[in-house]
Amino acid sequence: MMQQKRNIRIIEWEDLDKRKFYSLGVFMTLTTRATVYPFTLIRTRLQVQKGKSLYNGTFDAFFKILKVEGVRGLYRGFMVNTFTLISGQAYITTYELVRKYVSHYSSSNTFKSLVAGGSASLVAQSITVPIDVVSQQLMMQGQGEHLTRFKLKPKIVMATSKHKVTFGQTKDIMVQIFAADGFRGFYRGYVASLLTYIPNSALWWPFYHFYAEQMSRLAPSNCPHLLLQAVAGPMAAATASTITNPMDVVRARVQVEGRSSVIGTFKQLLAEEGMWGLTKGLSARIISSTPTSILIVIGYETLKRLSLRPELVHTRHW
């Protein structure tokens, strides 16, 4: 009985007021993305550079970009990246609905999380990849422009201080991608993205629930569950990121450099940079995933609690 009280209660899809859930969810997702975007940009540049030709690591990249390009440099491509809010909502919806569906066949939380996480990533990546392809090209402008096939027109680069030019840059890059590769160019790296993010998502949720449950057994009975979940999130993210980082490096190179072969890119990476090349951007990925996971966990769990159907509010205690 005591053990049951200390288990972390999971709020399921049918418990939620959907209007509250979606309206609060958009705000949470946008806040999270804005907070961690600079490290997403840094991760991309580190993964694409040859050896240490441009930056020596995450913090070296951060200070160099800040010095040369200013704060704006850390947010290149952010405006177009905000369209991933759509995929974020699609991810959450798919995750919750698949969990509900799988629960009819299995009561295992690990299995439900594994299947739902992978399915949610498949749906989200189908929406996200075209946005990522464009935003990553924008990320590489400035110090990293020599590493990408597409360059902004000089007159657009000179006018970066004007708000309207943000989408002028986006249009310029989109026109170049379409001219070079057609519509398929916007889905370059789609397979690599699926091979990266489906395993990452499928691993994150089971590890998250596993770490949360393990800590709940070790922590004092009066320890807030939300605190345990906030610690479990980054642990799960670090574990999943470490396992999937090699494919993430390949994905970034395929999308930015215009390569067509995932296997060929992987072999070339190994030949040129060895096993070390597979770890490129890992520290930036973990650094960005730590606050992301904390914000996601605290935000998502709080969001679900705030979105509980009115008749359930007084029956749930944490």
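- Hydrophobic clustering (ILVMFWY, side-chain heavy atoms < 4.5 Å, transitive): Leu74 and Ile287 are in one cluster.
- Ile42 contributes atom CD1, which lies 9.5 Å from atom CZ of Phe63 (distance to the nearest 0.5 angstrom).
- The shortest heavy-atom contact between Ala230 and Val297 is N-CG1, 3.7 Å.
- Among all heavy-atom pairs drawn from Ser216 and Leu228, the shortest one is CA-CD1, 3.5 Å.
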- Query: Does the pair Gln47 and Asp248 meet the rule for a side-chain contact (heavy atoms from CB on, under 4.5 Å), with working shown?
  - Reply: CA-CA 8 Å; Gln47 289 176 335; Asp248 194 38; 3.0 Å; yes
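- Separation of atoms CG (Asn245) and CD1 (Ile286) is listed at 7.5 Å; rounding is to 0.5 Å.
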- Task: Give the intermediate values and the outcome of side chain to side chain donor-acceptor pair (under 3.5 Å) for residues Tyr190 and Ser126.
- Result: CA-CA 8 Å; Tyr190 178 63; Ser126 298; 2.8 Å; yes
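- Side-chain contact between Ile177 and Phe150 is present, with at least one heavy-atom pair separated by less than 4.5 Å.
- Legend: ring-ring contact (aromatic ring centres under 6.0 Å, His included) pairs involving residues 102-130, not counting sequence neighbours, sorted by first then second residue: Tyr101-Tyr105.
- Between Lys151 and Asp172, the shortest heavy-atom contact is O-OD2, 4.0 Å.
- Placement of Val249 and Ile243 in two distinct hydrophobic clusters is found when ILVMFWY residues are connected by side-chain heavy-atom separations under 4.5 Å, directly or transitively.
- Considering only heavy atoms from C-beta on, Thr128 stays 4.5 Å or farther from Tyr197 through its side chain.
- Between Asn81 and Ser135, the shortest heavy-atom distance links the atoms ND2-OG, 3.6 Å.
- Side-chain atoms of Asp17 and Phe21, non-hydrogen and from C-beta on, never get closer than 4.5 Å to each other.
- One finds the NZ atom of Lys50 at 6.5 Å from the CD atom of Glu273 (value rounded to the nearest 0.5 Å).
- Without hydrogens or angle criteria, Thr82 side chain to Met79 main chain gives a donor-acceptor distance under 3.5 Å.
- Classified by interplanar angle (parallel below 30°, tilted 30° to 60°, perpendicular above 60°), the ring pair Tyr95/Trp205 is parallel.
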- Test log, rule side chain to side chain donor-acceptor pair (under 3.5 Å), inputs Tyr211 and Thr239: CA-CA 11 Å; Tyr211 289 135; Thr239 304; 3.0 Å; yes
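- Between the CE atom of Met215 and the CD atom of Gln229 there is a distance of 9.0 Å, given to the nearest 0.5 Å.
- Of the options Thr148, Thr44, Thr170, a side chain to side chain donor-acceptor pair (under 3.5 Å) to Gln137 is made by Thr148 and by none of the others.
- Connection of Leu114 to Ile198 is not established within any shared hydrophobic cluster, with ILVMFWY side chains joined at heavy-atom distances below 4.5 Å, either directly or through further cluster members.
- Atom NZ of Lys67 and atom CD1 of Ile65 lie 13.5 Å apart (nearest 0.5 Å).
- Between the side chains of Thr196 and Gln125, no donor-acceptor pair of N or O atoms lies under 3.5 Å.
- Annotation for Pro234 and Ile294: closest pair CG-CG1, 3.4 Å, computed over non-hydrogen atoms.
- Residues Val254 and Arg188 meet the side-chain proximity criterion, which asks for heavy atoms closer than 4.5 Å.
- Side-chain atoms of Lys64 never come within 3.5 Å of backbone atoms of Asn56 as a donor-acceptor pair (strictly under, hydrogens ignored).
- At a threshold of 4.5 Å between non-hydrogen side-chain atoms, the residues Gln136 and Met139 count as touching.
- In summary, Lys52 and Asp60 do not engage in a salt bridge, as defined by a charged side-chain N under 4.0 Å from a carboxylate O.
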- Query: Checking side-chain contact (heavy atoms from CB on, under 4.5 Å) for the pair Arg76/Arg45: CA distance, chi angles, key distance, verdict?
  - Reply: CA-CA 12 Å; Arg76 289 183 182 275; Arg45 290 194 181 183; 3.6 Å; yes
- Does the side chain to side chain donor-acceptor pair (under 3.5 Å) test come out yes or no for Arg251 and Thr244, once each step is laid out? CA-CA 11 Å; Arg251 175 199 60 79; Thr244 62; over 6 Å; no
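- For the pair Met247/Val262, a side-chain contact is recorded, criterion being any heavy-atom separation below 4.5 Å from C-beta on.
- Note on Phe83: it clusters hydrophobically with Phe183, by side-chain heavy-atom contacts below 4.5 Å among ILVMFWY residues.
- In this structure, Leu278 and Leu269 have side chains that are in contact, with non-hydrogen atoms separated by less than 4.5 Å.
- Under the 30°/60° scheme for interplanar angles, the aromatic rings of Tyr75 and Tyr37 are found to lie parallel.
- A salt bridge does not link Lys280 to Glu272: none of the charged nitrogens lies less than 4.0 Å from a carboxylate oxygen.
- Counting heavy-atom neighbours within 6.0 Å of Lys267 NZ, excluding the residue itself, gives a total of 12 or less.
- Atoms CD and CZ, from Gln49 and Arg253 in turn, are 8.5 Å apart once rounded to the nearest 0.5 Å.
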- Decide yes or no on side-chain contact (heavy atoms from CB on, under 4.5 Å) for Phe78 and Leu41, but give the supporting numbers first. CA-CA 9 Å; Phe78 177 71; Leu41 180 145; over 6 Å; no
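- In this structure, the side chain of Asp181 does not engage the main chain of Phe186 through any donor-acceptor pair within 3.5 Å.
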- Might you work through the side-chain contact (heavy atoms from CB on, under 4.5 Å) test for Gln141 and Gln169, ending with a clear yes or no? CA-CA 10 Å; Gln141 304 305 312; Gln169 293 178 340; over 6 Å; no
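- Panel note: side chain Thr279, backbone Trp276; a donor-acceptor pair is recorded below 3.5 Å.
- Of the N and O atoms on the side chains of Ser201 and Ser121, not one donor lies less than 3.5 Å from an acceptor on the other residue.
- The cluster map of Ile, Leu, Val, Met, Phe, Trp and Tyr, joined by side-chain heavy atoms under 4.5 Å apart, puts Ile92 and Leu24 in the same cluster.
- Ring-plane geometry between Trp204 and Tyr208 is classed as parallel, the angle between the planes falling under 30 degrees on a 0 to 90 degree scale with a further cut at 60.
- Across every non-hydrogen atom of Ala284 and Leu46, the tightest pair is CB-CD1, 4.2 Å.
- Residue Arg149 qualifies as enclosed at atom CZ: its count of foreign heavy atoms under 6.0 Å is above 12.
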